[in-house]
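Structure, as C-alpha cells:
To find a chain, count down the sequence lines: A is the first, B the second, and so on, and within it residues start at 1. Just so it is clear, the structure is predicted and the values come from calculations on it, not from any experiment.
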Amino acid sequence: MDTKLLSKAYEFADVEDKWLRYWKENDLFRAGMEEGKASFSIVIPPPNVTGVLHVGHALNNTMQDVLTRYHRMCGDNTLWVPGTDHAGIATQNVVERHLAEEGKSRHDLGREKFIDKVWEWREEKGGTIINQLKKLGCSCDWSRERFTMDEGLSRAVREVFVRLYKEGLIYKGDYIVNWCPRCHTALSDDEVEHEETQGKLYHIRYPFADGSGHVVVATTRPETMLGDTGVAVHPEDERYTHLADVGIRLPLTNRVVPVVFDTHVQREFGTGALKVTPSHDRDDYEIGLRHSLELLKVIDDKGVMNEAAGIYAGLDRFECRRKIVADLEEQGFLEKIEDYRHAVGNCYRCKTVVEPTTSLQWFVAVKPLAAEAVAAVREERIRIYPRNWYNTFYSWMDNIRDWCISRQIWWGHRIPAWTCDGCGEMIVETRAPVVCPSCQSSRLTQDKDVLDTWFSSALWPFSTMGWPQDTKELAMFYPTSVLVTSFDILFFWVARMMMMGIHFMGEVPFRDVYLHALVRDKHGKKMSKSTGNVIDPLEVMEKYGTDAMRFTLIAFAAQGREIKLDEERIEGYRHFINKLWNAARFALMHVDEDSARQQTITAPAELALAHRWILSRTAATVKGVRRGLDEYHFNDVASANYQFIWHEFCDWYLEWIKAELFGGDEAGKKNGRRVLLVVLETILKLMHPITPFVTEEIWSVLPGERQPLMVSAFPEVQENWQDQEAEEKMSLLMGVITGIRNIRSENDVHPSATIDARVICPQKDKAAFISSFEATIADMTRLKSFQVMEEGDKPEDAATYIYNDIEIFVPLQGLVDIDAELEKLGRERKKIEAKLKQVSAKLANDKFLANAPAQVVAKETEKKQMLDANLGKIAEAETRLSNIAARK
RNA sequence: GGGCGGGUAGCUCAGUUGGGAGAGCAUCGGCCUUACAAGCCGAGGGUCACAGGUUCAAGCCCUGUUCCGCCCACCA
C-alpha cells in the first residue's frame, strides 16, 4: 500500500506538469496508423496565430480533446491535427501596430521586408496559443502541427486556385465590394458586421432639368449624391409615370441624370424615389447595371472624396456629409431631416464603417459548389448537430453570392496570377512562369493581391494531410469524423470546407459537424474586455486546476444553449475533483497487489449485495457516458459521472463497505477489494477524457502493472453486471436508512447518541431481507439496536417515518418533539391526499381503464392501495402522538 | 421582414419515444463519524410564461398570445 503520493487535498499544479511531460516524452499523442482498425480524426479549428487562449477556445478544444481521448481509448487510430491560421488582416494589423510604436509604417519597409517582419513576429509570438492548448491537455498529434502559410498548405492553396480558375469557377471582375478604408482592402460579405445605428434620413429636392418641378429623394448618405448617376422609381408608381423623359438636375453639381424605372424600389419608403449611386451602394450598383447607368466613383480607397467630387475633393466622407448638408440647406434643396435607425456595415476587424466601392477583384463562383454541399447535407452524408441548424444552413446556401477572395493586403497567400507586360496575357499557374506563353516576353508581373484567409482554411481538412499528394494520412483519416466548432463560423468556414472538400476530394470533409454555443458570462452577456466580464481560462486553470475547468465547461455544454459560465461553478467542480481524489485515497488504503491480479469479475451474482449493486450502477453509468459521448451530449456525460461518483460510489458504496473492509471475513474482504478496485478503475477511465490529469495521477498509484490510463481501454457495458434485483433491494435498504436518519435529524438526536429503531414490514420475505441487514443499517445510522417486526404493537412514544409499505419507529422516551412530528405528519398527509385524489380520479375513469396500457393501470392501482394504507398509518401516528400530548 | 432558440425551485440549468416534477449552487437545521469541513447527514422550496386544443393521461404534441436573446436580409 503506497499512499504517500496521495496528499489529503488534490494539488494539481505539479500533477499537471508531470503528466504533460510524461505524455509528451512517451509520444502518446501520436496518431496510430495500424491497418485494420477503425479510425477517428479531427482537425482543429485553427486559432489565429495572433490569438491568446480565451474561454471559447478552452471550450472548443476541451470538447475535441474529450472526443479524441475517448476514441483513442476505444482503440481507434486516432488523429487530432493541430495548427494555426495566418489570419491575414488580423496579423498584419498586429505587426503594423508594432511598427507604429517605432514610428514606422509597412510602406517604409516595403512589401518583402514587411512580410519578413511578420514571419519574425510569428516565430517569436506565434506559438503562444499552441503552448496554451498544450497546457489545457489537448492530445493533438503535435508532430503534425500545421500553419496555413506553411509550404505544404501554400502549395495546396495554389493548386486549388489554379484548378478552380481553369474550371471557370474563379474569375476576376470589376464589381462592387465591401471596402474597409482603414485596412485598405476588400472584405467578403461575411466580414462585414451590420450594426443598428442612430442616423438621419435626409430628404432632398432633386429638380427636373427643365425646371418644371422636383422630386424628393430620401437618403442616409447625402455625400454620395456627388456620385449619383440616376434617380429610380417603381414602374407602377403612378406618382412618377410622367417622369419617363424628364432629366434630373442634381443639386450642387448641376449634372443631369436620367430617371429609371425599377421594381426594386419600395414605393412605401420615403417618397418612393431613390437616388442611385452605382459606385457606392450595392443595390444601386445592380440598378445601375440593369439600366446602364454610369459608374461615378467619388470616394477613394481611404474614404476621402476624390477629384470627381469637385469642390468637395479632399474631404473625408463624413466631413463631406456635413458640408453637403449645409450647402443643400443654404441653397434650399433640403426638405427635412429625420432621426433614423438603420444598420451600418462595419469592418469585422477594425469596426470602421465599410464603404461599398467598385473595384477589380477576384471571385469564386460558389453556386455550383454550394449545390454540392447542400446535397451532401440533404443526403445526410454530413450530419449537423444540433439539428436546428439545418434550416439556417440551407437558407444561407440558397442565397449565397459569389465570394470575393482577393484582399489588398500583404500578409497572405499571393494570388498565383501574372500579367504579361508585353501583351497583357493573364497567366494563372501554381509556379511562377518564366516567359509569357503567348508572346514569350519575360516581363511578367504578379497580381499584388493576396487571398482571403478563409480560402486557405477552407482546405484545412485535406491540405493538412498532404494534399495534393496522395498520402496514407488522407487514405486513413479523410473524411474526418467530426468537426467541432462554434456556430458563428458556420458560414465563414464550415460551409466553405464542405464546398472545397467535396469538389477536390470527391468526398465530404467530415461526417459530423458539432456546433457549440458561445461562452457568455453568468448573466448571459457576451464577454468583452470593455465590460470587464471576461473569464480568463489561464487564470482559472491556475486557480482551480485544469481538470476543474474542463469538467465545468463540459458540464455546461448542453446542446443548443448558450453557455453561461460562472466562476462559482468552477469552484464547485473543483470540489468534485477533490472528492474523486479522496475517494481514491480511501480505496488505496484497502486494495493491494492481490486485488489487481484478479480483476475480472466472473460471478457477480455471488457477491454481497452492495458489490452487486455498485457493479450494476457502474454498468448503467458506462452506458450513459458512452451514449452521451457518441451523441455529443457532453453535459450528460458530465452529470452521469458526477452523479455516480459522488452520490452512489462515495455516499453509499464506500460507506457501506467500510464495515466489511475494517472487520469482515477474509473471503468477503478479498472479493470486496477486487470490486472496489475494478469500479475505481472504471471511474478513472470514464472520467479521463474530461479530467485527464487527476485520473492519470490516481491511476499511476493503483496497484498492479499498468499502461498509462490515456491509452488503456475505455469501459464496455458489462452485461453481467446489470442486476435489477440488487438495485431494488439496495433502494429498499437505502430508504430505511434515510428514514432513520430523517428521524434523528428532525428530532435533534445528537449523532453520538445511540438509539433504537424498529421497522414494521407487512411482507414476510421483505422483512426477513431487511432483518438480514440489521448490522449494516445500525452501522449506517448509529443505532444501538435495530429490530424488524412483521406485526406487533407500534411503540407509542416514538417518532415515525413511512417509506412505501414500511413503517419506521424510533422510540424516544419522552423526547419526541410532538409539535414538530405532528407538523411533519400533516405535511405528509396533505401530499398523500393530493396524490390520492389524482389516482382515484384516474381509476374511476372508464376511459382510462379502457385505453391505458394494463401495466399503467396496475401501477396506478397499486399506488392507490399504498397511498390508502399510508394515510391510515399517518392517522394512527397522529392518534398516538395526541395521546402522549394528552397525558402530559 | 424572415429564421432560430429560450421562459421549469432564490440563481444557473437538465428533463431522449406523453404515464408519479430533477441536479448543482444558494438557503435552513445538525455534525471535526478514523478518504474528504474543498466534507458528512437531514430539510424547506416549483399553477413547468399565458390561453386554448389533441389524449384516458401534456413540462413534453398542436394552435394562438406575450416577454427575452441570437442570426440572416438590398426599404435607400
Side-chain angles (χ1 to χ4, degrees), chain A residues 3 6 8-10 194 201 217-221 224 232 264-270 272-277 281-287 340 342-343 386 388-389 391-392 395-396 399 487-488 490-491 517-518 520 522-524 526 544 548 555-556 558 560-562 564-566 568-569 571-590 627 631 633 635-636 639 642-643 647 650-651 654-655 658 662 738 741-746 748-752 781-782 824 827 835 838-839 842 845-853 855-857 859-860 863 867:
Chain A
T3 55
L6 290 172
K8 192 165 173 176
Y10 174 52
H194 293 273
L201 190 61
V217 298
T219 180
T220 53
R221 301 197 57 199
T224 61
H264 169 78
V265 178
Q266 308 288 315
R267 276 168 283 183
E268 313 76 40
F269 189 89
L274 168 67
K275 64 187 267 314
V276 184
T277 323
D281 185 282
R282 163 166 279 147
D283 293 339
D284 292 7
Y285 178 83
E286 284 174 3
I287 293 173
Y340 188 62
H342 62 126
N388 47 289
W389 286 100
N391 281 343
T392 311
S395 72
W396 190 79
N399 297 316
F487 68 81
D488 56 341
L490 177 60
F491 306 128
L518 299 174
R520 294 165 176 279
K522 64 175 164 182
H523 306 294
K526 229 174 190 162
Y544 303 105
F556 273 68
R561 275 253 191 182
E562 58 188 23
K564 292 185 202 167
L565 192 60
D566 181 351
E568 271 182 34
R569 296 293 300 274
E571 190 175 358
Y573 285 120
R574 178 185 58 168
H575 296 175
F576 173 57
I577 303 293
N578 195 55
K579 185 76 180 174
L580 172 61
W581 178 259
N582 276 294
R585 283 180 62 222
F586 174 76
L588 274 165
M589 290 164 57
H590 297 96
R627 186 157 119 181
E631 296 174 358
H633 285 127
N635 58 321
D636 289 349
S639 67
Y642 187 98
Q643 194 62 27
H647 299 303
C650 291
D651 287 352
L654 292 184
E655 294 304 324
K658 273 179 181 172
F662 286 115
T738 302
R741 286 173 176 170
N742 173 280
I743 292 170
R744 294 193 75 119
S745 183
E746 295 275 312
D748 285 331
V749 179
H750 194 272
S752 61
T781 53
R782 304 191 147 227
K824 186 180 83 180
R827 276 201 307 269
K835 284 182 188 172
Q838 283 181 358
V839 178
K842 273 191 191 176
N845 184 341
D846 292 338
K847 286 183 181 169
F848 172 73
L849 298 173
N851 294 325
Q855 216 183 342
V856 174
V857 176
K859 209 168 151 189
E860 294 293 314
K863 196 200 293 177
L867 290 170

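- One P atom belongs to B/G18, the other to B/G10, and the distance between them is 29 Å to the nearest Å.
- Here, B/C60 and B/G52 have their P atoms 14 Å apart, quoted to the whole Å.
- Ranking B/A43, B/C32, B/U12 by closeness to the A/Asn742 side chain, first place goes to B/A43.
- Closest contact between the side chain of A/Phe269 and the listed nucleotides B/G44, B/C70, B/C75 involves B/C75.
- Proximity note for A/Thr392 (side chain, C-beta onward) versus B/G3, B/A43, B/C31: the nearest is B/G3.
- At least one side-chain nitrogen or oxygen of A/Tyr340 sits closer than 4.0 Å to the OP1 or OP2 atom of B/A76.
- Among the heavy atoms of the strands lying under 4.0 Å from A/Arg741 are primed sugar atoms or P, OP1, OP2 only; no base atom is included.
- Heavy atoms of A/Thr738 sit under 4.0 angstrom from primed sugar atoms or phosphate atoms, though from no base atom.
- Summary of the strand contacts: A/Lys863 and A/Asp636 both lie near RNA chain B, and taking for each the nucleotide with the nearest heavy atom, the more 5' one is attributed to A/Asp636.
- The side chain of A/Lys579 places an N or O atom within less than 4.0 Å of a non-bridging phosphate oxygen (OP1 or OP2) of B/C40.
- Note on A/His575: a side-chain N or O is less than 4.0 Å away from OP1 or OP2 of B/G39.
- Mapping A/Gln643 and A/Asp281 onto RNA chain B by nearest heavy atom places A/Gln643 closer to the 5' end of the strand.
- The residue A/Arg627 sits close to a base: some heavy atom pair falls under 4.0 Å.
- Only the C1' atoms considered, B/A58 is 11 Å distant from B/C48, to the nearest whole Å.
- The base of B/C56 is not paired with the side chain of A/Lys842 by any donor and acceptor separated by under 3.5 Å.
- Taking CG of A/Asp283 as the reference point, atom OG1 of A/Thr277 lies at 11.0 Å (rounded to 0.5 Å).
- Heavy atoms of A/Thr220 sit under 4.0 angstrom from primed sugar atoms or phosphate atoms, though from no base atom.
- Across all strands shown, A/His633 has no heavy atoms under 4.0 Å from either base or sugar-phosphate atoms.
- From A/Asn635, atom CG reaches atom OH of A/Tyr642 across 14.5 Å, with rounding to the nearest 0.5 Å.
- Between the CZ atom of A/Arg569 and the P atom of B/A23 there is a distance of 14 Å, rounded to whole Å.
- Rounded to whole Å, the separation between the P atoms of B/A23 and B/G45 comes to 14 Å.
- Taking the centre and axis of the six-membered ring of A/Phe586, the NZ or CZ atom of A/Lys658 falls inside the cone set by 45° and 6.0 Å.
- Distance NZ/A/Lys863 to CD/A/Gln838: 7.5 Å, rounded to 0.5 Å.
- Within 4.0 Å of A/Asn578, counting heavy atoms only, lies at least one base atom of the nucleic acid.
- Using a 4.0 Å heavy-atom cutoff across all strands shown, A/Glu286 reaches no nucleic acid atom at all.
- Residue A/Lys8 places at least one side-chain N or O under 4.0 Å from the OP1 or OP2 atom of B/C36.
- A straight line from NZ of A/Lys847 to P of B/C56 spans 6 Å, rounded to a whole angstrom.
- Across the P atoms, B/C25 and B/A43 are found 16 Å apart, a figure rounded to whole Å.
- In this structure, A/Lys824 reaches neither bases nor backbone, as no heavy-atom distance under 4.0 Å exists between it and the strands shown.
- A/Gln838 places its CD atom 13 Å from the C1' atom of B/A58, with the value rounded to the nearest Å.
- The side chain of A/Lys658 places no N or O atom within less than 4.0 Å of a non-bridging phosphate oxygen (OP1 or OP2) of B/U34.
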Could you go step by step and tell me if A/His264 and A/Glu286 meet the side chain to side chain contact (heavy atoms under 4.5 Å, CB included) rule?
CA-CA 10 Å; A/His264 169 78; A/Glu286 284 174 3; over 6 Å; no
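- Residue-level contact check: A/Asp651 touches the backbone only, with heavy atoms under 4.0 Å from sugar-phosphate atoms and none from bases.
- Rounded to whole Å, the separation between the C1' atoms of B/G7 and B/G15 comes to 15 Å.
- The nearest whole Å value for the distance from the NZ atom in A/Lys835 to the C1' atom in B/G20 is 7 Å.
- B/G53 sits 30 Å from B/C13 when the C1' atoms are compared, rounded to a whole Å.
- For A/Glu860 against B/A57, a side-chain-to-base donor-acceptor contact under 3.5 Å is absent.
- Nucleic acid contact class of A/Phe576 (heavy atoms, under 4.0 Å, all strands): none.
- The side chain of A/Glu746 lies closest to B/G42 when the candidates are B/C74, B/G42, B/A35.
- Of the possible polar contacts, none joining the A/Arg569 side chain to the A/Phe556 backbone as a donor-acceptor pair under 3.5 Å is found.
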Both distances under 3.5 Å, Watson-Crick or G-U wobble: on that basis, could you give the dot-bracket string for RNA chain B, with [ ] for crossing pairs and | for other-strand partners?
(((((((..((((.....[..)))).(((((.......))))).....(((((..]....))))))))))))....
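- Of the candidate nucleotides B/G3, B/A76, B/C36, B/C36 has the atom nearest to the side chain of A/Arg585.
- Residue contacts shown for A/Tyr285 are absent, as no nucleic acid heavy atom lies under 4.0 Å away.
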Candidate pair A/Lys842 and A/Val856, rule side chain to side chain contact (heavy atoms under 4.5 Å, CB included), full reasoning:
CA-CA 11 Å; A/Lys842 273 191 191 176; A/Val856 174; 6.0 Å; no
Are A/Asp284 and A/Leu274 close enough, and set up right, to give a side chain to side chain contact (heavy atoms under 4.5 Å, CB included), and what steps lead you there?
CA-CA 9 Å; A/Asp284 292 7; A/Leu274 168 67; 4.2 Å; yes
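- The nearest whole Å value for the distance from the CZ atom in A/Phe848 to the P atom in B/A58 is 12 Å.
- The aromatic rings of A/Tyr10 and A/Trp581 lie tilted to each other, with the angle between the two planes from 30° to 60°.
- One atom, OH of A/Tyr573, and another, P of B/A23, lie 13 Å apart when rounded to the nearest Å.
- Atom CD in A/Glu655 sits roughly 7 Å away from atom P in B/C41 (whole-Å rounding).
- Taking side-chain N and O atoms only, A/His647 has no distance below 4.0 Å to OP1 or OP2 of B/A23.
- As judged by a 4.0 angstrom heavy-atom cut-off over every strand, A/Val265 is placed among the base-contacting residues.
- For the residue pair A/Lys8 and A/Asn582, the shortest heavy atom distance occurs at O-OD1, 3.1 Å.
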Side chain to side chain contact (heavy atoms under 4.5 Å, CB included) for A/Lys275 and A/Thr224? Distances and angles first, verdict last.
CA-CA 9 Å; A/Lys275 64 187 267 314; A/Thr224 61; 2.6 Å; yes
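- The separation of B/G46 from B/C11, taken at their C1' atoms, amounts to 14 Å, rounded to a whole angstrom.
- Rounded to an integer number of Å, the gap from A/Ile577 CD1 to B/A35 C1' is 16 Å.
- Between A/Asn635 and the phosphate of B/A14, there is no side-chain N or O to OP1/OP2 separation shorter than 4.0 Å.
- By the 30° and 60° cut-offs, the orientation of the rings of A/Phe576 relative to A/Tyr573 is perpendicular.
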